[in-house]
A.B. asks: 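The structure follows.
Every chain is numbered from 1 and lettered A, B, ... according to where its sequence line falls, protein lines coming before strand lines.
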Number of protein chains: 2
Amino acid sequence: MIPALTDHLGYWLRLVSNHVSHRFARLLDAKGVTVAEWVVLRELHDVPSLAPSRLAERMGMTRGAISKLADRLIAKSLVDRQDNPDDGRGHSLALTPAGRRLVPALARLADANDAACFKSLTPRERASIEAAMRKIVAARGLKNIPTT
Amino acid sequence: MIPALTDHLGYWLRLVSNHVSHRFARLLDAKGVTVAEWVVLRELHDVPSLAPSRLAERMGMTRGAISKLADRLIAKSLVDRQDNPDDGRGHSLALTPAGRRLVPALARLADANDAACFKSLTPRERASIEAAMRKIVAARGLKNIPTT
DNA sequence: TCAATATAGTTGACAAGGAAACTATAGCGA
DNA sequence: TCGCTATAGTTTCCTTGTCAACTATATTGA
């Protein structure tokens, strides 16, 4: 007997995770930003600047993808790219003032999306799911995984 | 204060879900099949045939995507497309014998992937996560959600 | 009956990421 | 010191999805 798609926990995780991400993408769209762009803005918010390679590691994306993502954010004047004076190869990425100003509103959307998507779960359930996910992340040695 | 990315349950779900899907994709790659193609094969396995539109609904993809996905599966001789004799607009998709023969091996990969990814959880934990995901699916009226 | 509309499927333009090749610079070691 | 190798970033090509326009066929109702 062939197992059903729904027999796999991965199926349910993917179903819900994709829903949450798509819903968030629609919210962000009103601000003219994608999910990947939000993640970059959030990562850059707490640091003075970050090298594209470091960002790629943190986000689990290739350097090529980060290069293009940075291009798009620069085109939107949300991020600034500078040469690294200490290393002729390196760049550094940082928020522009406009990028920084945008972050709080995006964070509110992230909060709202999470709350709406998981409101049918009790706080206990939410906590135990987070704990389980963290356990998997630890057990499988995940750092960060591609968005796609 | 701006919430961290990790403050959202959606973040953890996405991290784990993407890892599980990517790992599965790598396993399937050895059989020359993508995750989306596996889903089509599995959907077609239990029915005599299915219209592309119905498949699009079940998989949460657009008709355009299904059209191209079917093209690829037909090129691999895993799926067959026929005109619907009752409706000049409609087609029907069905597994070829080769497609049907491939399914059990792919199903074993799906089982193995799920087992490996979630082995750090107890059966109780796995069951409660599935229940929580089903609750969200019900509460939010999800049918099926885009893969991407 | 037949025009208006709805549905099935395909196609083309575009988006966004991965892989690998490529350029430039750093840094190590004989 | 100089050549080898490693690292930083960019770019090109490929994949796979969406969206919207398009063709063809069905269906509906005045």
A.B. asks: Looking only at non-hydrogen atoms, find the nearest pair between A/Leu44 and A/Arg100 and report the distance.
C.D. replies: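 Heavy-atom minimum between the residues: O-NH2, 4.1 Å.
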A.B. asks: Using the closest heavy atom to pick a nucleotide of DNA chain C for each, name whichever of A/Thr62 or B/Arg63 lands nearer the 5' end.
C.D. replies: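 Its nucleotide being nearer the 5' end, the pick is B/Arg63.
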A.B. asks: Provide, to the nearest angstrom, the distance between the CD1 atom belonging to B/Ile66 and the P atom belonging to D/dC19.
C.D. replies: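 Value for this atom pair: 14 Å.
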A.B. asks: Output the rounded distance in Å from CG (A/Leu28) to P (C/dA16).
C.D. replies: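 Atom CG in A/Leu28 sits about 13 Å away from atom P in C/dA16.
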A.B. asks: What are the two closest heavy atoms between A/Leu121 and A/Arg126, and how far apart are they?
C.D. replies: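 A/Leu121 and A/Arg126 have their closest heavy atoms at O-NH1, 2.9 Å.
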A.B. asks: What are the residues of residues 76-92 of chain A, sorted by number, that bring a heavy atom to within less than 4.0 Å of DNA chain D?
C.D. replies: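 Within residues 76-92 of chain A, the residues near DNA chain D are A/Arg81, A/Arg89, A/Gly90, A/His91.
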A.B. asks: For a side-chain hydrogen bond (donor to acceptor under 3.5 Å, both in side chains) with A/His8, tell me which candidate from B/Asp111, B/Asp114, B/Asn113 qualifies.
C.D. replies: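 Of all the options given, the one that passes is B/Asp111.
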A.B. asks: A/Ser53: which residues meet the side chain to side chain contact (heavy atoms under 4.5 Å, CB included) condition with it, sequence neighbours left out?
C.D. replies: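 With sequence neighbours excluded, A/Ser53 shows a side chain to side chain contact (heavy atoms under 4.5 Å, CB included) to A/Arg63, given in chain and number order.
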A.B. asks: Under 4.0 Å between a side-chain N/O of A/Ser53 and OP1 or OP2 of D/dG9, yes or no?
C.D. replies: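 Indeed, a polar side-chain atom of A/Ser53 lies that close.
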A.B. asks: Using whole Å, report how far CG of B/Asp71 lies from C1' of D/dG17.
C.D. replies: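 The answer, rounded to whole Å, is 14 Å.
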A.B. asks: Please state how far atom CG in B/Leu50 lies from atom C1' in C/dG9, giving the value in whole angstrom units.
C.D. replies: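 So the CG-C1' distance, B/Leu50 to C/dG9, works out to 14 Å.
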A.B. asks: Could you state the CE-P distance from A/Met61 to C/dA19, rounded to the nearest angstrom?
C.D. replies: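 So the two atoms are 12 Å apart, to the nearest Å.
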A.B. asks: So, OP1 or OP2 of C/dG17: does either fall under 4.0 Å of a side-chain N or O from A/Arg72?
C.D. replies: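 Yes, A/Arg72 has a side-chain N/O under 4.0 Å of OP1/OP2 on C/dG17.
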A.B. asks: CZ of A/Arg14 versus P of D/dG17: gap in Å, rounded?
C.D. replies: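 To the nearest whole Å, that distance equals 11 Å.
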A.B. asks: B/Thr6 and A/Arg134: which non-hydrogen atoms are nearest, and at how many Å?
C.D. replies: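 Looks like O-NH2, 4.4 Å.
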A.B. asks: Could you walk me through whether B/Gln82 and B/Asp80 satisfy the side chain to side chain donor-acceptor pair (under 3.5 Å) test, starting with their C-alpha distance in whole Å, then the side-chain angles of each, then the deciding distance to 0.1 Å, before giving a yes or no?
C.D. replies: CA-CA 7 Å; B/Gln82 303 252 301; B/Asp80 180 46; 3.3 Å; yes
A.B. asks: Let me know the distance between NZ of B/Lys68 and P of C/dT11, rounded to the nearest Å.
C.D. replies: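 Atom NZ in B/Lys68 sits about 10 Å away from atom P in C/dT11.
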A.B. asks: B/Leu27 and B/Leu109: which non-hydrogen atoms are nearest, and at how many Å?
C.D. replies: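 Answer, listing the atom of B/Leu27 first, then B/Leu109: O-CD1, 3.7 Å.
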A.B. asks: C/dA15, OP1 or OP2 - any side-chain N/O from A/Thr34 closer than 4.0 Å?
C.D. replies: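 For C/dA15, neither OP1 nor OP2 has a side-chain N or O of A/Thr34 closer than 4.0 Å.
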A.B. asks: Atom CG of A/Asn18 and atom P of D/dT16: how far apart are they, to the nearest Å?
C.D. replies: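 Atom CG in A/Asn18 sits about 17 Å away from atom P in D/dT16.
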